[in-house]
Trainee: 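Input: one structure, supplied below.
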Number of protein chains: 2
Amino acid sequence: MTDPAATEPLLATLWRMPADKDDQVVAARATLAEVADIADVSISTVSKVLNGRPGVSDETRAKIEGLLQQQGYARRQSSTGPAALIDVLVWEIDSTWAVELIAGVERVAREHGLGMVVSGTQDRKSADPRWLDAVLARRPVGVLLVGAELPDAPRRVLQSRQVPVVTIDQGGHAHPSEHSVGSADWSGAFQATRHLIDLGHRRIGIVTGPDDMIASVARLSGFRAAVEAAGLPLPPEYVRRGEFHHRDGLEHGGALLELPEPPTAVFASNDLQALGVYEAARSHGVRIPEQLSVVGYDDLKAASWVSPALTTIRVPLAEMADQATRLLVRLRDEPDFAVSHIDLATTLVVRQSTAAPAEAAGGPDPVTP
Amino acid sequence: MTDPAATEPLLATLWRMPADKDDQVVAARATLAEVADIADVSISTVSKVLNGRPGVSDETRAKIEGLLQQQGYARRQSSTGPAALIDVLVWEIDSTWAVELIAGVERVAREHGLGMVVSGTQDRKSADPRWLDAVLARRPVGVLLVGAELPDAPRRVLQSRQVPVVTIDQGGHAHPSEHSVGSADWSGAFQATRHLIDLGHRRIGIVTGPDDMIASVARLSGFRAAVEAAGLPLPPEYVRRGEFHHRDGLEHGGALLELPEPPTAVFASNDLQALGVYEAARSHGVRIPEQLSVVGYDDLKAASWVSPALTTIRVPLAEMADQATRLLVRLRDEPDFAVSHIDLATTLVVRQSTAAPAEAAGGPDPVTP
DNA sequence: CTGAAAGCGCTTACAG
DNA sequence: CTGAAAGCGCTTACAG
């Protein structure tokens, strides 16, 4: 059985051509008998290994365990269809941002009698293989990606098992072949920047999100468009790359204030960063909004609690969660439902963190570091 | 077969006495053969009904469907035991407080290869019956209650199905027969109050949580103990009942500041309330900490972002989640593990929201409403 | 340690 | 419309 040619016909039996009118090749799972055949042992022995029973030599056991793993052996499939579960994969599960989405998904899932399995990931772009295995074993109604992305390989695996995937907040442009629910990032950023310009600001800085996130790129782009449309300069040192974290605002906010010619307003790409800018301003003795205007993005609850209350772009997180979850439920009932990209509108919420610049001409005196 | 006596022995076969050394009676599910027997039809016919196949008369179909329902027929049980899931029931899922616990539970669950199913409830004390049904169908490793309580009936149902329950943050005193992980609420509140007294405050108000939550009662009690130990007066109007919400701080904070003799310091029973007190102080033109000291409870991330940064009691939420989840995993392996109550220590985090009162003797002038 | 054989719960093609 | 019989995937008591 170490002769590769010998296993050839056996492997072939693992792929069956079912008597299918659609003339479609479907991957059939391996049975105990097939694994036993490949391993050259009896079905009984494979059964013992599978159930952890004694009476099998270590050598045989190891060989069979390897084969079960390799062949992706799964017990007799219950013909009950998918479990009443939705799997949610969340990037940075403890972010205030993720919470509002999770709460929204839970509410709609509950309405439909579905449980919500939540998994976190620190790595936005690659799925833990154990996560994928767990999802396949659970056979959920569908998978919701919140801020996370899925590489092609696991994406195809899910597709082949008829597990639909919906992405939330990718700006709706990431995978054209994939269902997504996002918000109007570009125009939200444009509105925010426009608001600052209308107040009379001429020197406006930005703290961006990671440049490999569509939402973040779209916000920067909307910002640039508004600045350019107004004919304002945008020195490169006014554009600071961040990671959507509080500390970005603290660090880059400080750096901006220490420039020889600091901006009179800062557009933070999310509220957390905006709160970081607050802290930087505080430690530099700069008053908001008198000496520095700040606009955030998201409209987290905290945005209205801080002082001064934060002017920001409201992202309809609850509604996005709602739409995405309903889409998943719909895909369960109509698997061939056309691929859809939904972008919900964002709105500017003006509070106390923005005002006209101190001097329409020169701006505040440079701050001494 | 409408003669009740005739069904008697057949019903009896639904309860089998397995060849069990423990001499335990175990409820066995009905098989197709048994249902067929009761219905007086062949197994084939029952199988057809079960799978919605044609070739069965409406009458026979109706009879069999009724019996399948009545006998609680379930397909062949996968002999795999409980699913690789933990069920978490969360009170107010979108509270900042719940998030940190959920994130902590997810991390430990993942470590153990377990998925985390999250359900929310707005009603802290009664479980949705659909939730209970879903949990029983999922057969999770265990149930974690986060801020939620379970009435006796569902509690007994879970117990009878060997689904262990662990409660997080009930102060560890709610159900003596139940596993719980809490934190030292009484001594945390005592520390916080003691801190204010040490700074020289003599008039200290409190915004409490709901008086049917142990955590909240314990905090009030710790507060009282510290005030009394210092021989300070505690007028009834200094004790304001809240619900652990931001608006409690806003409303009661305002009410306290409008008293003829307002307190010089406020102990808020959680950080959200403390931020509400901030807002009340702001709208009354009262400066923190110069004119009013504020202490919170929880140490949410936002506590260090606000200005002035909030002095608070740190509750080890991540560690509590960790302990509770590990306890559940342990209960899976040792169902008879002794009931345990773990209370983790809390610590005082001194930031900028507390200072000595303006006038050691009289305090600030009463604020005009 | 190994596997042939009996058996369980279920499905399905087919005879009546 | 109904059911006897063959068969599938798996488990288990037991012979070698």
Side-chain angles (χ1 to χ4, degrees), chain A residues 1 10-21 26-81 137 139, chain B residues 1 10-21 26-81:
Chain A
M1 59 227 141
L10 288 167
L11 277 173
T13 70
L14 297 179
W15 293 80
R16 296 206 204 105
M17 182 82 74
D20 200 346
K21 297 94 207 160
V26 175
R29 65 207 180 78
T31 62
L32 273 203
E34 284 159 347
V35 173
D37 232 357
I38 299 176
D40 238 345
V41 297
S42 74
I43 293 176
S44 314
T45 304
V46 180
S47 175
K48 279 172 204 160
V49 171
L50 187 61
N51 295 294
R53 302 244 186 285
V56 182
S57 70
D58 286 355
E59 196 193 348
T60 308
R61 188 179 296 271
K63 181 171 68 176
I64 293 173
E65 273 168 351
L67 272 173
L68 286 170
Q69 177 75 29
Q70 179 199 322
Q71 300 293 339
Y73 174 82
R75 290 184 137 77
R76 185 203 298 266
Q77 232 152 25
S78 73
S79 48
T80 44
R139 299 178 24 91
Chain B
M1 61 225 136
L10 287 167
L11 277 173
T13 70
L14 297 179
W15 293 80
R16 295 205 205 105
M17 183 81 77
D20 201 346
K21 296 94 207 160
V26 175
R29 65 208 181 78
T31 64
L32 272 203
E34 284 159 347
V35 173
D37 231 357
I38 300 176
D40 238 343
V41 297
S42 75
I43 292 175
S44 312
T45 304
V46 180
S47 175
K48 279 173 203 159
V49 171
L50 187 62
N51 295 295
R53 302 247 187 284
V56 182
S57 70
D58 286 355
E59 195 196 348
T60 309
R61 189 179 295 274
K63 180 172 70 176
I64 293 173
E65 273 169 351
L67 271 172
L68 286 170
Q69 178 74 30
Q70 179 199 321
Q71 299 294 339
Y73 174 81
R75 290 185 138 76
R76 186 202 297 266
Q77 229 154 27
S78 70
S79 49
T80 43

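Everything quoted here is computed from the prediction, not taken from an experiment. Numbered from 1 within each chain, the chains take letters A, B, ... in sequence-line order.
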Trainee: Would you tell me whether A:Ser42 and A:Thr45 have side-chain atoms, one donor and one acceptor, within less than 3.5 Å of each other?
Mentor: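 A:Ser42 vs A:Thr45: donor-acceptor pair found between side chains.
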Trainee: For the pair made of CG in B:Asp37 and P in C:dG9, what is the distance, rounded to whole Å?
Mentor: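 Value for this atom pair: 12 Å.
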Trainee: Of the listed nucleotides (C:dT2, D:dC10, D:dT2), which one gets closest to any side-chain atom of B:Ser57?
Mentor: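 Out of C:dT2, D:dC10, D:dT2, the nucleotide with an atom closest to B:Ser57's side chain is D:dT2.
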Trainee: What is the distance, rounded to the nearest whole Å, between atom CG of A:Asp58 and atom C1' of C:dT2?
Mentor: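 Rounding to the nearest Å, CG of A:Asp58 and C1' of C:dT2 are 15 Å apart.
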Trainee: Backbone N or O of B:Ala39 within a donor-acceptor pair of the B:Lys63 side chain at under 3.5 Å?
Mentor: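 Yes, B:Lys63 side chain to B:Ala39 backbone: donor-acceptor pair under 3.5 Å.
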Trainee: Could you check which nucleotide pairs with D:dA15 in any of the strands shown, counting Watson-Crick or G-U wobble with both distances under 3.5 Å?
Mentor: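 Its partner is C:dT2 (Watson-Crick or G-U wobble, both distances under 3.5 Å).
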Trainee: Choosing from C:dG3, C:dT2, D:dA4, which nucleotide comes nearest the side chain of B:Ser44?
Mentor: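 Output: D:dA4.
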Trainee: If you assign each of A:Val41 and B:Lys48 to its closest nucleotide in DNA chain C, which residue comes earlier from the 5' end?
Mentor: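 By nearest-heavy-atom nucleotide position, the 5'-most residue is A:Val41.
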Trainee: If you look at every heavy atom in B:Lys48 and B:Arg61, which pair is closest and at what distance?
Mentor: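 Smallest heavy-atom distance, with atoms named: O-NH1, 4.4 Å.
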Trainee: Could you please name the option among C:dG3, D:dT12, C:dT2 that lies closest to any side-chain atom of A:Ser42?
Mentor: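 When the side chain of A:Ser42 is considered, C:dG3 is the closest of C:dG3, D:dT12, C:dT2.
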Trainee: Is any side-chain N or O of A:Thr45 closer than 4.0 Å to OP1 or OP2 of C:dG3?
Mentor: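 So the side-chain polar atoms of A:Thr45 do come within 4.0 Å of the phosphate oxygens OP1 or OP2 of C:dG3, strictly under.
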Trainee: Whole angstroms only, please: what is the CZ-P distance between B:Arg61 and D:dG3?
Mentor: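 Going from CZ in B:Arg61 over to P in D:dG3 covers 14 Å.
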Trainee: Over how many whole Å does the gap from A:Ile43 atom CD1 to C:dT2 atom C1' extend?
Mentor: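 Answer to the nearest Å: 14 Å.
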Trainee: Rounded to whole Å, how long is the line connecting atom CD1 of B:Ile64 with atom P of C:dC10?
Mentor: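 The answer, rounded to whole Å, is 14 Å.
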Trainee: Give, for atom CD1 of B:Ile64 and atom CG of B:Asp40, the distance between the pair rounded to the nearest 0.5 Å.
Mentor: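 One finds 10.5 Å between CD1 of B:Ile64 and CG of B:Asp40.
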Trainee: Measure from CG on A:Leu32 to P on D:dG9 and round the result to the nearest Å.
Mentor: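 So the CG-P distance, A:Leu32 to D:dG9, works out to 9 Å.
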Trainee: Measure the distance from CG on A:Asp40 to C1' on C:dG3 and round it to the nearest whole Å.
Mentor: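 Result: 13 Å.
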